[in-house]
Number of protein chains: 2
Amino acid sequence: MGRPIVRLKDIADKTGFSVNTVSLALRDSPRIPQDTRLMIQQAAEALNYLPNHIAKSLVSRETRTIGLVLTSITNPILTRVAQAIELRLAERGYLTLFATSNGDHQDEKKVIEMFRSRQVDGMLIYPRGHRELDHIRRLRLAGYPVVLLVGDTDAEVDVVSMDARLGGYKAVRHLIERGHSRIGLIDGGQQRGNLEKQDGYIRALADAGIAWDAALHAVPAAHSVMAGYEAMAELMARDNGMTAVLAATDSMALGALRWTQQHGLRVPQDMAIVGFDNIEFAEHAATPISSIDYAVDRVTELAVDRLIALIRADGLPEVEITLIEPELVVRASSGGR
Amino acid sequence: MGRPIVRLKDIADKTGFSVNTVSLALRDSPRIPQDTRLMIQQAAEALNYLPNHIAKSLVSRETRTIGLVLTSITNPILTRVAQAIELRLAERGYLTLFATSNGDHQDEKKVIEMFRSRQVDGMLIYPRGHRELDHIRRLRLAGYPVVLLVGDTDAEVDVVSMDARLGGYKAVRHLIERGHSRIGLIDGGQQRGNLEKQDGYIRALADAGIAWDAALHAVPAAHSVMAGYEAMAELMARDNGMTAVLAATDSMALGALRWTQQHGLRVPQDMAIVGFDNIEFAEHAATPISSIDYAVDRVTELAVDRLIALIRADGLPEVEITLIEPELVVRASSGGR
DNA sequence: GTCCCTTGTATTAGCGCTAACAGCCTCCTA
DNA sequence: TAGGAGGCTGTTAGCGCTAATACAAGGGAC
């Protein structure tokens, strides 16, 4: 490869100053007179000098890099989150190292180790599950700035997240207000806030005096449109009197909608549908789908703010859990407009 | 933050060996006898040692990091590409530094400089446009491994990409075969392969003896569903006798479909629709949409292979342009099945 | 003219690691 | 028993940069 690497030394040789003087001049130190500074800066420009960030990091002990750990991105909302985070971090002068855990606990641990080895200044993590946060807690205790992008009040690590429980609650309450009492749940499995969604669902039902009914509960293997379609088929086959359904992601809600279309059900008259995340395709579906909005901007902004606050902090600040109240966007699929 | 950093020195102090011996032992050098090696490795484990990748990079002159430059991710296909790339690079021991250019030329340049400054081993770039590749060509000439993820045969830089021109050609030929001659084009502007798509469109028409008609051409500002919807409205308002439409992305195709639904047009009888990228939501739309498949797996695999080959290469290998022939997936929106 | 202070610069050390080399044993061979 | 060969480990230097310190020259105050 042999790239032509221009170092401070080369500028020093060219201008006749020492490496240290060049370093100071390029950093606009007042200790170097203006004339000298300009001359050195011009020489640097002429040589097309680019500072070696690696060497700088070794000295300064900060890389200005943060690690973003995601599970596999099947859910479109995660990509929006990732992009928004990258953008906000870039604004603050940080680059984003990116890795996916594939929803596997061992992989998640390995990825975090890699990031540590590369001396990232902090990490934003979508953990695989809520039950296994010990390794992340240890990270925090070791003084590593970490913010989880999903979590609960008992995480013992900083969290900035959409309040999925409240989202589930709001969605179901909305359906109950529209007169539904047999409300299905297409769940998302153990991953990423779905236990909270399920919990919100259960509480809203309970508050209305409606008991949990396993016959109304489906847990597909994936989060895809197809998974939603099949879950809907399964629920309908059970002949459970269902008149409304809540899906843990909009993709699955779209799958459910598709099933109703193909089987001659009218939405919302025969079947009301509510999804999660409020992705673009939910709004523009054949029947626009009501959805719990993810508030990507607020979540990512607060998460990045918090992470940078942790990086700048001295000691080990108190854990802060920020759950953002999500809005329900009512559309035709649940009788809106 | 003051994290407790364990260095080789700490292991050396604990075991009584020198730093160098420790370093060799941890790298399983045959020059260190087995017993010593084991003992040192255990000590390292006990201290929870993690090698400092930054320091290693400074010496080895490789960071095992590659930079991925994307335009803004509104197009869902880009996120799939990004994820697939991250995965393949991870398999080969590389981490992915991630940055978006926002479709701005200056930002693109700045991002590339940042990556250089951070000594990435190579870059994968979705350039903003095809007309401004000079800075990337210079990168290549300076010996930097670069692969473009979109491009044309005259790029003078390595390219691995879907053959968008051929995709456009195939889509239009398909529509012509189904009897259409007034075929609209909802274009994607100058960005990311859309000039090629347009060119394919024009050639297919020309081959069938049909002239280009500006009245059938719309160029929305974005790639969103809404943009497709509005472009469709604009095309229909022109009263141009259009019976089929090709959209440069599936998102826009979905917008076009939505317009037809709201205005009582039957698809495909009154209006055939074909999109690009074959995203999940195209397949499961109210009327499943025909689409040119992106072949994410092949593109990303070949791109990563090529990049790593360039990284390992000695000199400056010949430019290699790989355009992958895309398949047309015919669905109901253009009369399939 | 001495002293001190400022100004501008060079020198040195060190970040954590690797690579090249040097040195000291022990053991074998002639 | 001298001499060499190997095995094992330590020493030194250097990656490109920054920070601390040293130092030389010039200018003022007394």
Side-chain angles (χ1 to χ4, degrees), chain A residues 1-41 43-44 47-65 113-114 116-121, chain B residues 1-41 43-44 47-65 113-114 116-121:
Chain A
M1 296 302 324
R3 256 155 268 147
I5 327 121
V6 180
R7 301 150 302 159
L8 289 183
K9 178 92 173 38
D10 299 313
I11 304 173
D13 288 350
K14 185 173 178 186
T15 56
F17 290 100
S18 75
V19 168
N20 181 277
T21 305
V22 172
S23 170
L24 287 170
L26 291 181
R27 283 180 290 152
D28 267 327
S29 159
R31 292 175 49 194
I32 309 292
Q34 181 110 33
D35 299 357
T36 315
R37 242 187 291 167
L38 271 176
M39 183 199 154
I40 290 177
Q41 282 167 5
L47 289 173
N48 215 331
Y49 172 75
L50 258 186
N52 183 329
H53 192 270
I54 293 287
K56 203 181 286 194
S57 294
L58 189 57
V59 172
S60 67
R61 288 148 179 302
E62 66 161 12
T63 52
R64 290 240 143 213
T65 303
E113 282 226 327
M114 275 203 124
R116 284 218 296 149
S117 173
R118 277 158 194 264
Q119 319 293 124
V120 297
D121 293 342
Chain B
M1 292 305 317
R3 259 154 265 145
I5 327 121
V6 180
R7 300 149 303 158
L8 288 183
K9 177 92 173 42
D10 299 315
I11 304 173
D13 289 350
K14 184 173 177 186
T15 56
F17 290 100
S18 75
V19 168
N20 183 283
T21 304
V22 172
S23 170
L24 287 171
L26 291 182
R27 284 178 290 151
D28 267 326
S29 160
R31 292 175 48 193
I32 310 292
Q34 181 110 34
D35 299 356
T36 315
R37 241 187 291 165
L38 272 176
M39 183 201 155
I40 291 177
Q41 283 168 2
L47 290 173
N48 215 330
Y49 172 76
L50 258 187
N52 184 331
H53 192 270
I54 293 288
K56 203 181 286 194
S57 294
L58 189 57
V59 172
S60 67
R61 288 153 179 297
E62 66 161 12
T63 52
R64 291 242 143 207
T65 303
E113 283 226 326
M114 274 202 126
R116 284 219 295 150
S117 173
R118 281 162 191 258
Q119 319 293 122
V120 297
D121 294 343

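Letters go in sequence order (proteins before strands), and every chain restarts at 1. The model shown is predicted, which means the values in this text are computed figures rather than measured ones.
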Decide yes or no, distance alone: a donor-acceptor N/O pair under 3.5 angstrom between the base of D:dT18 and the side-chain of A:N20. no
Does any donor atom in the side chain of A:S23 or A:R27 lie under 3.5 Å from an acceptor atom in the other side chain?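 Short answer, yes.
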Is a donor from one side chain sitting under 3.5 angstrom from an acceptor on the other, for A:R118 and B:T65?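 There is such a pair (donor and acceptor under 3.5 Å, judged by atom type) between the side chains of A:R118 and B:T65.
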Whole-Å distance between [N] [atom2] and [X] [atom1]?
{"X": "B:L26", "N": "C:dG16", "atom1": "CG", "atom2": "C1'", "answer": "13 Å"}
{"X": "A:L24", "N": "D:dC17", "atom1": "CG", "atom2": "P", "answer": "13 Å"}
{"X": "A:L8", "N": "C:dA10", "atom1": "CG", "atom2": "P", "answer": "13 Å"}
{"X": "B:K9", "N": "D:dG10", "atom1": "NZ", "atom2": "C1'", "answer": "14 Å"}
{"X": "B:I40", "N": "C:dC17", "atom1": "CD1", "atom2": "P", "answer": "14 Å"}
{"X": "A:K56", "N": "D:dA19", "atom1": "NZ", "atom2": "C1'", "answer": "14 Å"}

Using only side-chain N and O atoms of [X], determine if any of them is under 4.0 Å from OP1 or OP2 of [N].
{"X": "B:R61", "N": "C:dT18", "value": "no"}
{"X": "A:R27", "N": "D:dC17", "value": "no"}
{"X": "B:R7", "N": "C:dG16", "value": "yes"}
{"X": "A:T21", "N": "C:dG8", "value": "no"}
{"X": "B:S23", "N": "C:dT18", "value": "yes"}
{"X": "B:Y49", "N": "C:dG16", "value": "no"}

Assess whether a salt bridge exists between B:D28 and B:R37, defined as any Lys/Arg side-chain N lying under 4.0 Å from an Asp/Glu carboxylate O.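 Counted as a salt bridge, because a side-chain N and a carboxylate O are separated by less than 4.0 Å.
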Salt bridge present between B:K14 and B:D10 (N-O < 4.0 angstrom):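 So B:K14 does not pair with B:D10 through a salt bridge.
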Base, sugar-phosphate, or nothing for [X], non-hydrogen atoms under 4.0 angstrom?
{"X": "A:N52", "result": "sugar-phosphate"}
{"X": "A:R31", "result": "base"}
{"X": "A:T36", "result": "sugar-phosphate"}

